[in-house]
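Source: prediction; values computed, not measured.
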Amino acid sequence: MTNDLFDLSGCVAAVIGGTGVLGGAICHGLADAGAAVAVLGRSAERGAARVAALEAGGASAISVSADATDPAALGAALLEIQTRLGPVDIVINAPGVNSATPFFDIELEEWHALLDSNLTAVFVACQVFGRAMVAGGRGGSIINISSASSGPPLSKVLTYSVAKAGLNNLTQYLAAELAPHNVRVNAIAPGFFPAEQNRRLLSDERLEAIVGHTPAGRLGEPDELIGAVVWLASQRASSFVTGAIVRVDGGFSAMTI
C-alpha cells in the first residue's frame with residue numbers, strides 16, 4: 001500500500017525549469033515514481049541533455065522549449081505535451097534567477113526581470129496549465145518552488161525575496177480558487193542547496209553563516225527535495241493537502257538567532 005501511495009504511473013508531469021539543478025533532480029524523482037516527464041526551459045540544448053539522462057534511466061520524457069512568461073508560448077508548449085504525452089496531471093513551477101544587487105543600485109530593468117522570472121512565469125503557468133486541468137475534469141497537482149527567503153526576507157536578495165513572498169500568496173489563493181475542481185496547489189520552500197545561483201551569490205563567509213544558522217549543519221542535496229515533491233504530486237498520498245508551504249530547509253526557518 002505504501003508503494004501505491006507514491007506511484008505516479010500513468011501521470012504526466014510538466015517541469016518548468018527542469019533544466020536547472022533543482023528542477024533536474026525533481027524531473028528524475030518524478031520519473032522514478034513512474035511519471036512521464038516534460039522538461040520545459042528556454043535552452044533546447046539543456047532540455048535535450050536532461051531528456052537523454054531521463055531516457056537512459058528508462059523514463060518517458062520529452063523536451064519543450066518555451067518562455068514561461070509568455071502565455072502564447074506556454075500554451076503552445078501545453079498543446080505539444082498533450083499531443084505527445086497526454087493530459088498534464090502534475091505541474092512543477094521551478095523557474096527563477098537571483099541577484100545580490102544592493103537596494104539603491106537595483107535598476108527597474110533588473111527588478112522587472114527577476115519578478116518576471118520568479119513570479120510572473122509561475123502566474124502564467126498556473127493560468128495556462130490550471131485552466132487545462134479544470135477543463136479536463138481530471139484534477140491535478142500544481143507545485144510551486146518557493147524559497148527560504150520568501151519570509152522573513154533574506155538580506156541582500158530583495159527582489160528575489162519579494163517575488164517568492166508573492167509566490168506563496170499566489171499558491172494559497174489558487175489553492176482556494178481551484179479546490180472545487182480537485183486541483184491542489186502547494187509550494188515547497190527549499191533552504192540552501194548547491195544550485196548554480198547559490199554558488200554564484202554566496203561568499204565563503206556568508207555560506208558559513210547560513211550553515212551555522214541551519215540546525216542540520218549543512219546545505220541540502222537536490223535529491224532531498226524529491227520526497228516532498230512526489231508526496232505532493234500524488235493524489236493518493238496528499239489528497240487533502242492544498243495551500244501548504246512545505247519547508248525543506250534543514251531547520252533553517254525554525255531558528256531565529
Side-chain angles (χ1 to χ4, degrees), residues 6 15-18 20-30 92-103 106 114-115 117-119 121-122 141-175 184-233 237-238 241-257:
F6 301 98
V15 183
I16 300 168
V21 173
L22 299 187
I26 290 170
C27 286
H28 285 277
L30 292 168
I92 311 295
N93 283 308
V97 294
N98 204 346
S99 170
T101 306
F103 173 67
I106 298 172
L114 264 66
L115 288 180
S117 178
N118 292 290
L119 182 56
V122 177
S141 175
I142 297 174
I143 304 170
N144 300 324
I145 304 302
S146 182
S147 169
S149 66
S150 61
L154 190 69
S155 62
K156 302 188 180 188
V157 287
L158 169 70
T159 313
Y160 181 80
S161 296
V162 168
K164 293 299 186 178
L167 183 148
N168 286 0
N169 194 285
L170 174 67
T171 297
Q172 293 175 319
Y173 179 91
L174 289 178
R184 297 177 299 107
V185 188
N186 294 287
I188 294 174
F192 294 86
F193 289 74
E196 290 177 19
Q197 63 185 17
N198 281 343
R199 284 195 293 267
R200 213 171 46 242
L201 295 174
L202 297 179
S203 64
D204 290 343
E205 181 182 15
R206 189 162 172 79
L207 185 59
E208 183 179 353
I210 288 168
V211 171
H213 184 81
T214 303
R218 61 177 177 84
L219 299 181
E221 293 297 330
D223 287 354
E224 291 180 302
L225 288 177
I226 292 173
V229 169
V230 173
W231 168 56
L232 291 175
S238 59
V241 181
T242 195
I245 311 296
V246 179
R247 298 189 180 277
V248 183
D249 63 2
F252 181 88
S253 60
M255 302 299 293
T256 53
I257 58 172

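Nearest approach of A233 to S141, heavy atoms of both residues: CA-OG, 3.8 Å. Shortest non-hydrogen contact noted between R218 and E224 is NH2-OE2, 2.7 Å. The two residues F193 and P222 make their nearest non-hydrogen contact at CD2-N, 3.7 Å. Summarising the geometry of G29 relative to V230, their closest heavy-atom pair is O-CG2, 3.9 Å, with the distance given to 0.1 Å. When all heavy atoms are compared, the tightest approach of L115 to A163 is CD2-CB, 3.8 Å. The shortest non-hydrogen separation linking S146 to A187 is CB-CB, 4.4 Å.
With hydrogens and angles ignored, the 3.5 Å screen pairs a side-chain donor or acceptor of N186 with a backbone N or O of V241. Proximity of a side-chain donor or acceptor of S161 to a complementary backbone N or O of S149 within less than 3.5 Å is detected.
Expressed to the nearest 0.5 Å, how far CZ of R206 lies from CZ of F192 amounts to 7.0 Å. The distance from atom CZ of R184 to atom CD1 of I143, rounded to the nearest 0.5 Å, is 7.5 Å. Taken from CD1 in I188 to CG in N93, the straight-line distance is 11.5 Å, to the nearest 0.5 Å. A distance of 10.0 Å separates OG1 in T242 from CD in Q172, rounded to the nearest 0.5 Å. We find the CD1-CG distance between I106 and L158 to be 5.0 Å, quoted to the nearest 0.5 Å.
Partner of Y160 under the side chain to side chain contact (heavy atoms under 4.5 Å, CB included) criterion, out of P153, S99, S147, S150: S147 alone. Screening N118, L119, L154, T159 for a side chain to side chain contact (heavy atoms under 4.5 Å, CB included) involving K164 leaves a single residue, N118.
Counting only residues at least two apart or on different chains, no salt bridge (charged side-chain N to carboxylate O under 4.0 Å, His left out) pair has a member in residues 245-257.
In this structure, L174 and I142 have side chains that are not in contact, with every pair of non-hydrogen atoms separated by 4.5 Å or more.
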**OP:** Please report the C-alpha distance between I26 and I145 in whole Å, then the side-chain angles of each, then the deciding distance to 0.1 Å, and finally whether the side-chain contact (heavy atoms from CB on, under 4.5 Å) criterion is met.
**Re:** CA-CA 11 Å; I26 290 170; I145 304 302; 4.0 Å; yes
